[in-house]
Amino acid sequence: MIPVEHIFYVSVSLLVTGVVLILTKRNALMMLMGLELILNAANLNMIGFNQLHKPAWDGQMAGLFIVIIAVCEAAVGIAIILQAYRHYFSSVPDQISDLKDPW
Amino acid sequence: MVSTLVFDPSLVALTLAVILTPLGSALICFFVRGNRRFIPVLACLFIGMAGVGSGVLMARIFPSVAVATIPWFSAGADTIQVGLLLNPYSTVMLSVVLIISAFVHVYSIGYLAGDPHTHRYFSWLGFFTFAMIGFVVSSNLLVTFCFWELIGLSSYRLIGHWQEKKVAARAATKAFMVNRVGDLGFLLALMMLWSHAGTLNIQELSQISLPSPVSTMVGLCLLLAVTGKSAQFPFFHWLPDAMAGPTPVSALIHAATMVAAGVFLLIQLSFLFSPMALLVTSGIGLLTLLIGAWGAFTQFDLKKILAYSTISQLGLMVAAVGMGNQAGAFFHLMTHAFFKAGLFLTAGILIHQFSQPGSEPVQDIRHMSGWSNSNRLLALCLLILGASLIGVPLTSGFLSKELMLSHALENASDSLEWGQVIILILGSVLTTAYTFRMLFYILSPSPDHLAHKAPVILMVPVILLTFLSLFMVVSNSPWAISGWAGAFEPVTPTLSTLFISVATVITGIVFSWLLYKEKPTADFSPRQVPQFFPDWMQQHIFVKFTLAMAEGSRQLDLKWIDGILHTITYVYVTFSFVVGWFDRTIVDGTVSFATHIVAGVGRLFRGLMNGKIQSYIAWGLLAILSLMVWILY
């Protein structure tokens, strides 16, 4: 039985890694990956906390649910990035600046 | 004596015809062009007809009073009436004016033969006569005032008949302007009468007694009008200047129309005067009597001697009214009209004889001697007319002067009234003296001068006027007034009055003979004519005073009014400057400060919105973290 604290250590490291990915990577695909990591860090927390309430399964179920949502989200996000790429020939958000003021 | 006659329609029509005939003559002479010989004769006929009409009126009405009035116009509740008033004074005056005017008309035909402006002359002569008789018979003072102004206007036109001569134009303007001062007095008197008595009708006024201060003020204002029109002190200086007009006009002005109007007004309205105003009137009259006589002494110009003589005689009449002797004043006005007109017409003949055509007329009495042998008739006329002016017995002038003297003697009780009597006698002596001085010069024989005969048309009016200057025209007796003129209820003279009259005449003759002997005719050295102080007064008081006042006003304007304006301007400019500074600095400054703050804040936060999605996320993260920290701790 893995202690809960260890699960939390993993999820925190995943969260920090995701945030750092989002903040540092220029490519939108990489930022989407960081987003997945943050989502999965939350998922790990669900599973970890479920161990503290033994007979219940709802934490496990929520984790399963979040996986499904993450799949959908990734599909939508990749689709948007693909469409943006087809339109702007780039997947870097900084280069997509039509809405920005001219100055 | 007074019994009001109901004015029957035929008499009204006759009076109106008499008034309007001279106007018709004036209009015909003004509008009808063409035959230059025919028009003056027509004018004479018109005036003669009016004269006959006035004679009929006098025969019918004198000595009763006839009035006729019709409403003229209404203003609010007040109605102004226009009407005729024929009391003994105005009836006689009407005839006198028309007789003199007719003679002057006839005389003018001869005197102005060859003048290019005969039409204009005769039209204004007719108009002058019309204005005067309208003035005489009008019963309403407002209408009287209108005619009074017309008299002034026509005298202005006639004095300035030779308008191309600068002297004549200036004299006409002077006469007109001086008369305006008198008109002011007339107008003020009318306003006071209207506000206090409520009527301007002479007959109604005579039945109203005004309170004493009002009647004094009215009297003094009317006296101002009379001094202007009748050339009394201090306004007499226009009359000698008015000699620049044609001589027949001078005769008309001096005898019947212009200056007589003032005295006539005084006689008609003397019932309005308070005792105080009457005293002032007699004072002015006596002063003018002496000044005029003195003025006649200093002159060598024949017409100016006669002009000053008129001033003096008018002073006598005004003084007589002031002493309460209206009948005497009117009597003298009438006799004076005849002999003064005669004297002027004689002077005109002499000037005509001695002047060469195209040169300046000779009017100096030192150059006019030596004709009496060649024209004895004219010399006799001159002598009789002069005697009438002096008041020698058997002339009409004697009767009127005796009347005034006896009235003054009869009423003299205190020292003031005895003083008035002494001045009257002194005036008579002076009158005799200057008249004989003039006669000595003119009638002295000297073989050097040869004069041509006078035309008959000039002689006839002179002879007739000489006849009218004799006693039998006004009285049956040569010593006291009796006959038709007894209707004026004159004072009966005493033997002492007769004695004084004769004594003054003899004294005056001796006095002037002594003076004449001292200055023989050969002395032709130019003599300084003394300036009378009205001219001096006009120059030094009115002109200089006006100029000084103008200068004072200028200084006041420059120093005070401009100073005040400048100060106000400076205050305004300074205040505007301060306000402008406040507006620019404080108000604008506040607004700019606010915009600067907003702009600064905007600049500060604009850096956050840099369009980089990661920085948004980073800020969002920071915000969540700080929120968590805030909630948890």
Side-chain angles (χ1 to χ4, degrees), chain A residues 8-9 11-43 45-46 49 66 70 73-74 76-103, chain B residues 564-633:
Chain A
F8 287 165
Y9 293 147
S11 85
V12 164
S13 63
L14 272 178
L15 176 73
V16 170
T17 311
V19 167
V20 167
L21 266 179
I22 287 175
L23 290 182
T24 56
K25 287 297 172 184
R26 293 178 72 228
N27 198 307
L29 280 172
M30 299 303 280
M31 288 166 75
L32 198 64
M33 285 181 189
L35 201 67
E36 296 296 328
L37 288 181
I38 289 168
L39 211 61
N40 283 313
N43 222 351
N45 273 11
M46 292 286 178
F49 281 117
I66 289 168
E73 179 252 316
V76 171
I78 287 168
I80 290 171
I81 289 167
L82 196 63
Q83 282 298 321
Y85 183 81
R86 287 172 65 175
H87 196 261
Y88 293 106
F89 305 108
S90 166
S91 56
V92 180
D94 287 356
Q95 289 175 357
I96 300 166
S97 58
D98 271 9
L99 290 176
K100 195 179 177 182
D101 282 335
W103 61 79
Chain B
I564 290 168
L565 284 178
H566 284 166
T567 313
I568 291 172
T569 315
Y570 282 135
V571 168
Y572 265 110
V573 168
T574 314
F575 181 69
S576 323
F577 186 79
V578 169
V579 168
W581 176 85
F582 181 82
D583 196 34
R584 273 194 306 275
T585 313
I586 307 292
V587 179
D588 286 8
T590 313
V591 174
S592 318
F593 182 65
T595 55
H596 273 111
I597 286 174
V598 172
V601 171
R603 246 195 318 275
L604 197 64
F605 286 98
R606 198 170 63 195
L608 300 180
M609 309 291 133
N610 57 3
K612 287 185 166 44
I613 195 157
Q614 278 138 334
S615 73
Y616 295 168
I617 295 169
W619 285 113
L621 210 61
L622 190 66
I624 291 170
L625 279 177
S626 39
L627 194 67
M628 277 168 64
V629 168
W630 185 53
I631 289 173
L632 292 179
Y633 303 102

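Protein chains get the first letters and strands the later ones, always in sequence-line order, with residue 1 at the start of each.
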Task: Residue-level contacts of residues 29-41 of chain A with chain B, using a heavy-atom cutoff under 4.5 Å - done: A/Met31
Task: Contacts of residues 616-627 of chain B with chain A (heavy atom under 4.5 Å) - done: B/Ile617, B/Ala618, B/Leu621
TODO: Give a yes or no on this: more than 12 heavy atoms of other residues, nucleotides or ligands lie within 6.0 Å of atom OH of A/Tyr85.
DONE: no
Open item on the list: For the backbone of A/Ile22 and the side chain of B/Gln614, can you confirm whether one donor and one acceptor N or O come within less than 3.5 Å of each other?
Closed with: yes
Task: Neighbour count >12 (heavy atoms, 6.0 Å) for atom CG, A/Leu23 - done: yes
- [ ] State whether the number of non-hydrogen atoms from other residues, nucleotides or ligands found under 6.0 Å of A/Tyr9 atom OH is greater than 12.
- [x] no
